[in-house]
Amino acid sequence: MKKFFCMAIAFISFSCSIQAQGDVPLDEEAMYFDIDDMPNAVIWLPAPPDTTSTKFVYDITQYMWGKTQRLDSIRAQQAIDNAVEEIDQMAEQFSVPFGMEITKEKTPAIFKVLYRGVLTTRLCATKPKTEYQRMRPYTRFNETTLLPEGEERLRLNGSYPSGHTVRGWAMALLLCEINPAAQDDLLKLGYEWGQSRVIAGYHWQSDVDASRLVAAAGYARLHTNEEFLADIAAARQEFAQLKGGQASVPSAMTTTSTNTADIYNIQGQQLNKKPDRGVFIQSGRKYAGK
């Protein structure tokens with residue numbers, strides 16, 4: 001009975017630690033992987049800087065830099081705008097560098113892979129946040145932020161790494177894969193998305209820097225999932241169709257021929273035969289090898 005009680009307490013504590021993240025609710029059915037299948041940053045990512053280290057001095061310096069950026073009304077407003085958490089709100093802002101309005105209704109395939117991909121990648125931040133429970137800068141200095149309405153909700157939420165930055169960098173990477181022509185503008189916004197958390201006063205610079213590594217690790221893991229590969233292929237094809245075939249998806253992928261030579265991988269390279277594993281496209285339709 002005692003053992004059962006301890007297990008129950010542990011489960012409740014873990015559940016509360018996830019809810020304390022202050023992020024959007026996690027839709028388990030949307031995930032490409034469970035949290036334990038994703039890279040565990042507690043194992044491979046260094047711990048946040050000790051408060052007696054020179055790296056922490058840099059964090060403080062960047063915190064002060066962030067406060068000076070608030071004097072720029074345009075940059076300050078961007079930091080406020082970048083604080084959104086819902087995928088549709090993020091997609092609205094990333095639509096500008098992407099060059100196309102991204103919504104669930106107008107671009108269902110693109111929105112689907114963003115929703116599933118970003119939420120799955122965000123799982124990589126949960127374990128280190130819970131492990132380190134790093135104090136946020138506005139709490140340490142007892143100062144206000146650009147978004148005072150969120151301070152109480154996130155005060156006890158671990159600062160390392162930044163969930164907002166993970167989501168922003170993940171969305172930038174995913175959209176670069178769909179529209180490589182816009183990669184520079186997308187990555188610029190993805191980078192600024194993280195810096196906005198420093199400017200807003202919610203994260204240390206080392207939180208943000210670590211988050212980009214976490215997002216990259218999660219993004220790589222996505223490419224081992226067959227459902228993700230099918231979804232990203234569908235998103236690229238949808239983008240090509242909406243852009244009038246101008247995207248980097250070969251027109252041969254939409255052919256109606258049923259010849260066995262009419263087989264392509266998701267990068268648009270023609271294959272001599274059906275692959276034993278992975279996603280392939282034949283006659284404009286996607287299939288998964290056994």
Side-chain angles (χ1 to χ4, degrees), residues 20-24 41 45-87 89-90 92-94 96-97 118 122 124-126 128-173 184-216:
Q21 300 304 324
D23 290 315
V24 294
L45 189 70
D50 186 87
T51 54
T52 61
S53 67
T54 57
K55 291 183 178 179
F56 187 64
V57 173
Y58 178 66
D59 271 342
I60 295 175
T61 301
Q62 283 298 97
Y63 174 72
M64 300 304 176
W65 165 83
K67 292 173 67 174
T68 66
Q69 297 303 298
R70 301 179 199 176
L71 301 177
D72 181 340
S73 59
I74 296 178
R75 188 62 183 93
Q77 186 58 52
Q78 181 184 348
I80 294 173
D81 294 341
N82 292 164
V84 298
E85 298 175 341
E86 299 286 350
I87 301 301
Q89 295 173 318
M90 294 181 63
E92 181 179 358
Q93 296 183 49
F94 273 93
V96 177
V118 171
R122 171 59 183 80
C124 295
T126 301
K129 273 182 171 288
T130 303
E131 174 74 14
Y132 300 118
Q133 287 297 314
R134 189 185 194 188
M135 184 181 296
R136 291 175 181 264
Y138 71 87
T139 301
R140 176 168 291 278
F141 291 108
N142 194 29
E143 295 180 344
T144 190
T145 67
L146 274 180
L147 297 115
E149 65 276 9
E151 292 174 6
E152 191 60 33
R153 178 171 66 94
L154 296 176
R155 191 173 299 278
L156 299 180
N157 166 249
S159 185
Y160 183 90
S162 161
H164 278 80
T165 303
V166 171
R167 285 194 297 274
W169 197 240
M171 183 167 286
L173 293 174
D184 291 336
D185 290 336
L186 288 166
L187 292 172
K188 182 176 184 293
L189 178 55
Y191 181 84
E192 291 174 348
W193 202 274
Q195 294 307 111
S196 287
R197 300 307 286 165
V198 178
I199 294 171
Y202 274 85
H203 281 285
W204 306 101
Q205 184 66 55
S206 57
D207 298 339
V208 171
D209 294 343
S211 300
R212 297 185 182 113
L213 295 176
V214 170

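Computation of the quantities below employed the complete heavy-atom set of this structure, encompassing side-chain atoms and omitting hydrogens, waters and symmetry-equivalent molecules.
Rounded to the nearest 0.5 Å, atoms CD (Q78) and CD (Q93) are 8.0 Å apart. Remark: S211 OG to K129 NZ distance equals 7.5 Å, nearest 0.5 Å. Separating the CD atom in Q62 from the CD1 atom in I199 is a distance of 9.5 Å, to the nearest 0.5 Å. Rounded to the nearest 0.5 angstrom, M135 CE and L156 CG are separated by 9.5 Å. Between R155 atom CZ and R136 atom CZ the span is 10.5 Å, to the nearest 0.5 Å. Separation of atoms CD (Q205) and CZ (R197) is listed at 13.0 Å; rounding is to 0.5 Å.
Annotation: side chain to side chain donor-acceptor pair (under 3.5 Å) contacts of D50 (sequence neighbours excluded): T52. Annotation: salt bridge (Lys or Arg N to Asp or Glu O under 4.0 Å) contacts of R212 (sequence neighbours excluded): D209. With sequence neighbours excluded, no residue satisfies salt bridge (Lys or Arg N to Asp or Glu O under 4.0 Å) with E149. Judged as a side chain to side chain donor-acceptor pair (under 3.5 Å), and not counting sequence neighbours, the contacts of T165 are S162. The side chain to side chain contact (heavy atoms under 4.5 Å, CB included) search around T54 returns none, not counting sequence neighbours. For the salt bridge (Lys or Arg N to Asp or Glu O under 4.0 Å) test, no residue two or more places apart in sequence or in another chain qualifies with E131. For L213, the side chain to side chain contact (heavy atoms under 4.5 Å, CB included) criterion is met by W44, L45, not counting sequence neighbours. The side chain to side chain contact (heavy atoms under 4.5 Å, CB included) search around A216 returns none, not counting sequence neighbours. Taking the side chain to side chain donor-acceptor pair (under 3.5 Å) definition, one finds that K55 meets it with nothing, sequence neighbours left out. Here I60 pairs with F56, M64, F141, W204 under the side chain to side chain contact (heavy atoms under 4.5 Å, CB included) rule; sequence neighbours left out. Residues passing the side chain to side chain donor-acceptor pair (under 3.5 Å) test with E151 are T144, T145, sequence neighbours excluded.
Other residues, nucleotides and ligands contribute only 12 or fewer heavy atoms inside 6.0 Å of the CD atom of E92.
Considering all non-hydrogen atoms of both residues, F94 and G168 come closest at CZ-O, 3.5 Å. Pairing each heavy atom of A76 with each of L146, the nearest pair is O-CD1, 3.8 Å. Contact between A79 and L147 at its shortest, heavy atoms only, is O-CD1, 4.5 Å. A pairwise comparison of heavy atoms in V84 and D81 identifies CG1-O, 3.4 Å as the closest pair. Heavy atoms only, all atoms of each residue included: Y63 and G201 are closest at CE1-CA, 4.2 Å. Nearest heavy atoms, P46 versus Y160: O-OH, 2.6 Å.
Using a 4.5 Å cut-off on side-chain heavy atoms (C-beta onward), I74 and Q77 make no contact. Within the 4.5 Å cutoff, no side-chain heavy atoms of L189 are placed close to those of M171. Side-chain atoms of M90 and W193, non-hydrogen and from C-beta on, do get closer than 4.5 Å to each other.
Checking each of P49, S159, P128 against D207 for a side-chain contact (heavy atoms from CB on, under 4.5 Å) leaves exactly one that passes, namely S159.
Applying the salt bridge (Lys or Arg N to Asp or Glu O under 4.0 Å) definition to pairs two or more places apart or across chains, those involving residues 58-78 are D59-R134, K67-E143.
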